[in-house]
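Below: one structure in structure tokens.
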Number of protein chains: 2
Amino acid sequence: MPLPETEVPGALQTALVSRGIRMTRQRRIILEIIETATQHLDAAQILRKAARVDPNINRVTIYRTLGLLKRHGLVDELDLLHVKGEGHFYERRPQRDHMHMTCLRCGKVQEFESDLFDRVKGQVERDCHFHILLARFEIGGYCASCRK
Amino acid sequence: MPLPETEVPGALQTALVSRGIRMTRQRRIILEIIETATQHLDAAQILRKAARVDPNINRVTIYRTLGLLKRHGLVDELDLLHVKGEGHFYERRPQRDHMHMTCLRCGKVQEFESDLFDRVKGQVERDCHFHILLARFEIGGYCASCRK
DNA sequence: CTGCTTGACGCAAAGCGTTGCAACACCATT
DNA sequence: AATGGTGTTGCAACGCTTTGCGTCAAGCAG
Ligand SMILES: [Mn+2]
Ligand SMILES: [Mn+2]
Ligand SMILES: [Zn+2]
Ligand SMILES: [Zn+2]
């Protein structure tokens, strides 16, 4: 999960505060972890990283903060087709949607942006009169290194 | 979830037996429920329907049978972007992939097949050298009736 | 049809995410 | 800087899903 180069440090915190959301010590820790992540993290990984900064942080706070970020459209929740377990993974919502390809053998996750992907969404909006707020395109299979 | 008109009764059971999977009374009940479903069912709904046929059937058996069907690529597991709760929904794997559009207001789920969707997959196979076994496209937003 | 092997079932317990509630701390106001 | 109202936290309890294990039955061999 390459961080967007346009990423401003503290952008998540700024976004929340500008919406009148109260900022706490725990939230700052969690936001920082998500902003500086170099891969898709699950709740347990976020908790472990947070516990290094504040050993008293509770797992409930992790879940509630992730829920908050989801509700505000600031992070997306992925299941990567449950290839890597039953849990969910989280990433900052990007400017432009991308799809995720998860390798069933090695577990590597690739990201891919595509004009065709954007065009499918346009087609749905037009043909189905459906107003899209959220789109997820996940693929499972064998990556270039693992296919024979 | 419209059942494919080409559906053969007992096709799931036939598919499992032909792979050397042992058939049990409980599995027959669960397969029948999934095959005759007219909408996406979650584990609790499947258990309730199964209990009407055999009150002694255990929920663990529901989960294990769903796992079996998933592993064999006979059913797909959807989360519908968790718009309708945290659980998962199950449907027979169709001949041709379709996407799901879930309305954030009324909860209605529409299905949609699209050539563009198929073309995105072709592009991924070609450009990323990724061999696709599984693809899921889920959309959330407002349906035609709910958008203003 | 009978017996045997092996996989499947049910039960109990563990795992993981959610919810209710009382104490706390953020931050706007003074 | 001190105060107060209100949203947030941690803890405990709950609910849904998974896992371990002993018993049972599907279905093949004889
Ligand atoms: Mn991503
Ligand atoms: Mn999910
Ligand atoms: Zn791979
Ligand atoms: Zn609607």
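Every chain is numbered from 1 and lettered A, B, ... according to where its sequence line falls, protein lines coming before strand lines.
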Selection from dT8(D), dT18(C), dC11(C) that lies nearest to any side-chain heavy atom of R27(A):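 Ranking dT8(D), dT18(C), dC11(C) by closest atom to the R27(A) side chain puts dT8(D) first.
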In whole angstroms, how far is the P atom of dC24(D) from the CZ atom of R25(B)?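 Spelled out: CZ on R25(B) to P on dC24(D) is 14 Å.
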Near-strand residues of residues 64-78 of chain A, defined as heavy-atom separation under 4.0 angstrom from DNA chain D: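 Under 4.0 Å from DNA chain D: R64(A).
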Whether E138(A) and R136(B) form a salt bridge (side-chain N of Lys/Arg under 4.0 Å from carboxylate O of Asp/Glu) is what I want to check.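 Answer for the salt bridge query: no.
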What is the distance, to the nearest angstrom, from the CD1 atom on I30(A) to the P atom on dT9(D)?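 Taking atom P of dT9(D) as the reference, CD1 of I30(A) is at 7 Å.
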Ring pair (Phe, Tyr, Trp, His ring centres under 6.0 Å) evaluation trace for F117(A) with F112(A): CA-CA 10 Å; F117(A) 179 20; F112(A) 187 58; 9.4 Å; no
Modelled atom types, side-chain donor and acceptor of H98(A) and Q110(A), under 3.5 Å: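 Looking only at side-chain atoms, Q110(A) and H98(A) do not form any donor-acceptor pair under 3.5 Å.
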In whole Å, what is the span from the CZ atom of R59(B) to the P atom of dA13(C)?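 R59(B) atom CZ is separated from dA13(C) atom P by 13 Å.
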May I ask you to say whether D76(B) pairs ionically with R92(B), meaning some side-chain N is under 4.0 Å from a carboxylate O?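 Between R92(B) and D76(B) there is no salt bridge, as every charged N stays at least 4.0 Å from the carboxylate O atoms.
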I57(B) CD1 to dG10(C) P: how many Å, rounded?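 It is 6 Å, rounded to the nearest whole Å.
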Could you tell me if the side chain of D115(B) sits less than 4.5 Å from the side chain of D118(B), heavy atoms only?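 Heavy-atom side-chain distance check passes, below 4.5 Å.
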According to a strict under-4.0 Å criterion, is Q26(B) in side-chain N/O contact with OP1 or OP2 of dA26(D)?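 Answer no for this pair, as no side-chain N or O of Q26(B) is under 4.0 Å from OP1 or OP2.
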For DNA chain C, the residues among residues 14-23 of chain A that have a non-hydrogen atom under 4.0 Å from it: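 Output list: R22(A), M23(A).
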Any donor-acceptor pair under 3.5 Å linking the side-chain atoms of Q123(A) with those of S114(B)?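 Yes - a donor-acceptor pair under 3.5 Å links their side chains.
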Tell me which of T61(A) and A44(B) sits closer to the 5' end of DNA chain D, going by the nucleotide each one is nearest to.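 It is T61(A) whose nearest nucleotide is closer to the 5' end.
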Just the rounded figure in Å: distance from C1' of dT18(C) to CD1 of I62(A).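 Computing the I62(A):CD1 to dT18(C):C1' distance gives 15 Å.
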D54(B) CG to dA25(D) P, straight-line distance once rounded to whole Å: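 About 12 Å, once rounded to whole Å.
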Whether over 12 other heavy atoms sit under 6.0 Å from K49(B) NZ: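 12 or below, so no.
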What pairs with F130(A) under ring-ring contact (aromatic ring centres under 6.0 Å, His included), at least two apart in sequence or on another chain?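 Partners of F130(A) under the ring-ring contact (aromatic ring centres under 6.0 Å, His included) test: none.
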What integer distance in Å separates R28(A):CZ from dA25(C):P?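 The answer, rounded to whole Å, is 14 Å.
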Measure from CG on L47(A) to C1' on dT9(D) and round the result to the nearest Å.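 Checked: the CG to C1' distance equals 14 Å.
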Give a yes/no on whether any side-chain N or O of N58(A) is located under 4.0 angstrom from OP1 or OP2 of dC11(D).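 True: N58(A) side-chain N/O within range (under 4.0 Å) of dC11(D) OP1/OP2.
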OP1 or OP2 of dA25(D) sitting under 4.0 Å from any side-chain N/O of T24(B)?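 T24(B) to dA25(D) OP1/OP2: no side-chain N or O under 4.0 Å.
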For E77(A) and H82(B), test the side chains for any donor-to-acceptor distance below 3.5 angstrom and give the result as yes or no.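 Distance-only check passes for E77(A) and H82(B).
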